[in-house]
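Structure, as structure tokens:
Both counts, for ligands and for their atoms, begin at 1 and track the order of listing. Source: prediction; values computed, not measured. Computed over heavy atoms, backbone and side chain alike; hydrogens, waters and symmetry mates excluded. FYI, the numbering just counts along the sequence from 1.
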Amino acid sequence: MQTQISFAPLSQIETELLAVPAVDTQTAKGADTKPAPVLLIDDDAVKAAAATVLDSGEFKAGVNETLLLHAPAGLAAKRLLILGLGKQAKATVHSVRNAAGTTVRFAKPRGIRELVLAIPTSEALPAAGPAGPRAAVEGAFVGDFDPDTYRSDRKDQSIQSFTVAAPADADRAALEAAVAEGTIVGESQNFARSLVNEPGNKLTPTVLGKRAAEMAKEVGLKCEVHSTGMLHELKMGAFWSVSQGSAEPPALIVLRYEPKGVTDGPIAGLVGKGITFDTGGISIKPADNMEKMKYDMAGGAAMIGAMRAIALLKPKVRVIGIVCAAENMPSGTAQKPGDVQTAMSGKTIEIINTDAEGRLVLADGLAYAKQLGATHLIDAATLTGACVVALGMVNAGAFANNEAAYAQFEAALAVSGEKFWRLPLGDEYVEMIKSEIGDIKNTGGRWGGAITAAEFLHVFAEDTPWIHLDIAGVAWVEDSKPYIAKGPSGIGVRSILEWVRAFEGWSGQTRG
Ligand code: BES
Ligand code: MN
Ligand code: ZN
């Protein structure tokens, strides 16, 4: 999808579809109060073209509500699409992101290949500025993705050209840069989604390693993909124990971003769970919905997508990305409940349930990131069903052992618009994973399962500032929304990227 920005008057832009945002300005409550939709743009001809339908009360400017007009009077555009952002008081730059996705998903099935979205003028929506165009472009990429690569009736309905329209007096250079940035971020998120969509038979750990290496070559990252021999050399007994039951060898994917001239300061370590299929192993999962477990590498894909964006946006901070990829299978060589494994750090783990495999591969991934010099850690994993029970399919879980690192992550969320909710850690939960046979066990019982899993990882992150993201409930969109297809969401890419970028500029400083 080509992206660009136009500063031409909206009424003069020739396009198949011109989309303009609107909010509901009604603040009064009561049975007989009517919605008061208002366009967030400054163009008299567009306002005149929309006036009759807005007066009719048919369009309420509700969130993701759309209204299409053909051959709008006085406009060069063939169609005018009015887009609802919801109540004015609640509209933010994140509403603009979703509205852009809604526009693209409106256009795709109608055979429209090229469209223009007017961003709200800055007075109308103070959150705009360069954030508006960036979010709009990101949202357009999110909307453009459909998980249909394996359908033979696939009609390639992708949007070819997406233009953001901004007022003539805008800071043009800043907005152009924002569009370029949104393009990189949107493409990186969709790259992660395309990996997550791949089924287990097509995307084995080895293939995931190849895809990461190809991407690294394209964008100029260093990449090494190791397998069984290296796992044994590094004494990664926890990671190996998961892959030992599979005919497919594991892949330890290491991506490095080393900007020129940056030789000190923090090193961010990004660690992703890359289980290309999770059967549960000997503690096998029930058949219902097991096919979904192809997305058990979504944390790893998020790291690969974030590394792509980092390579292209070039922040001045060193970053190491590690993906621990394996297939969790039952077989004659699979690990068994009761087995004891020795992790890379030397800690011994009593295996209670072979389905709690994500924490095993991450234990060694976190230890390896530290060995390679990471000063700050972030991991992402489709780790627990318990996190889905706690937060539903709306928020992902976030955990941290360090307040400064978490504050930096919260600031990243304000930019990314991704929904994460912090859950606690605590010594009482550590008690729940103590083992009588070894140092720790890999499950802590039924209660607080997302937290005991996080505390398991904490044992390997130790005191290094660390954030853990449990994305089990949100990595796969179960019901399509106007702005995103059913399927892989690409959650994490944008927030992890922003968290990393925040290290820029504090080279040499020491902070929490
Ligand atoms: N990959 C699953 C977690 C998961 C569940 C991801 C639902 C996406 C949707 C993970 O490996 C797992 O099986 N976790 C177990 C842990 C339990 C055995 C302690 C779980 O959550 O049931
Ligand atoms: Mn599992
Ligand atoms: Zn899993």
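Residues of the protein with a heavy atom under 4.0 Å from ligand 1 are K273, D278, K285, M293, Y295, D296, N353, D355, E357, R359, T382, L383, T384, G385, T443, A472, listed by chain and number.
Two rings, from F409 and F420, have their centers less than 6.0 Å apart. Checked against the 6.0 Å centroid criterion, the rings of H232 and W240 qualify as a close aromatic pair.
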Would you be so kind as to tabulate the donor-acceptor pairs closer than 3.5 Å made by side chains of residues 212-224, with sequence neighbours excluded?
| from | atom 1 | to | atom 2 | distance (Å) |
| --- | --- | --- | --- | --- |
| K222 | NZ | E258 | OE1 | 2.7 |
| E224 | OE1 | H226 | NE2 | 3.0 |

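Between the side chain of R97 and the backbone N or O of S416 there is at least one donor-acceptor pair closer than 3.5 Å. H468 contributes no side-chain N or O that, together with a main-chain N or O of G397, makes up a donor-acceptor pair within less than 3.5 Å.
Listed by chain and number, D278 OD2, D355 O, D355 OD1, E357 OE1 are the protein N/O/S atoms closer than 2.8 Å to the Mn ion (ligand 2), with waters left out.
Seen from the ring of Y406, R422 counts as a face-on cation partner, given the 6.0 Å and 45° thresholds. Both cation-pi conditions hold for R110 and F106: the charged atom is under 6.0 angstrom from the six-membered ring centre and inside a 45 degree cone around its axis.
Comment: E478 engages K292 in a salt bridge, judged by a side-chain N to carboxylate O separation of less than 4.0 angstrom. The pair D479-K486 fails the salt-bridge criterion, with no side-chain N (NZ, NE, NH1 or NH2) lying under 4.0 Å from an Asp/Glu carboxylate O.
Of all protein atoms, those of element N, O or S that lie under 2.8 Å from the Zn ion (ligand 3) number 4.
Among all heavy-atom pairs drawn from A298 and I471, the shortest one is C-CD1, 3.9 Å.
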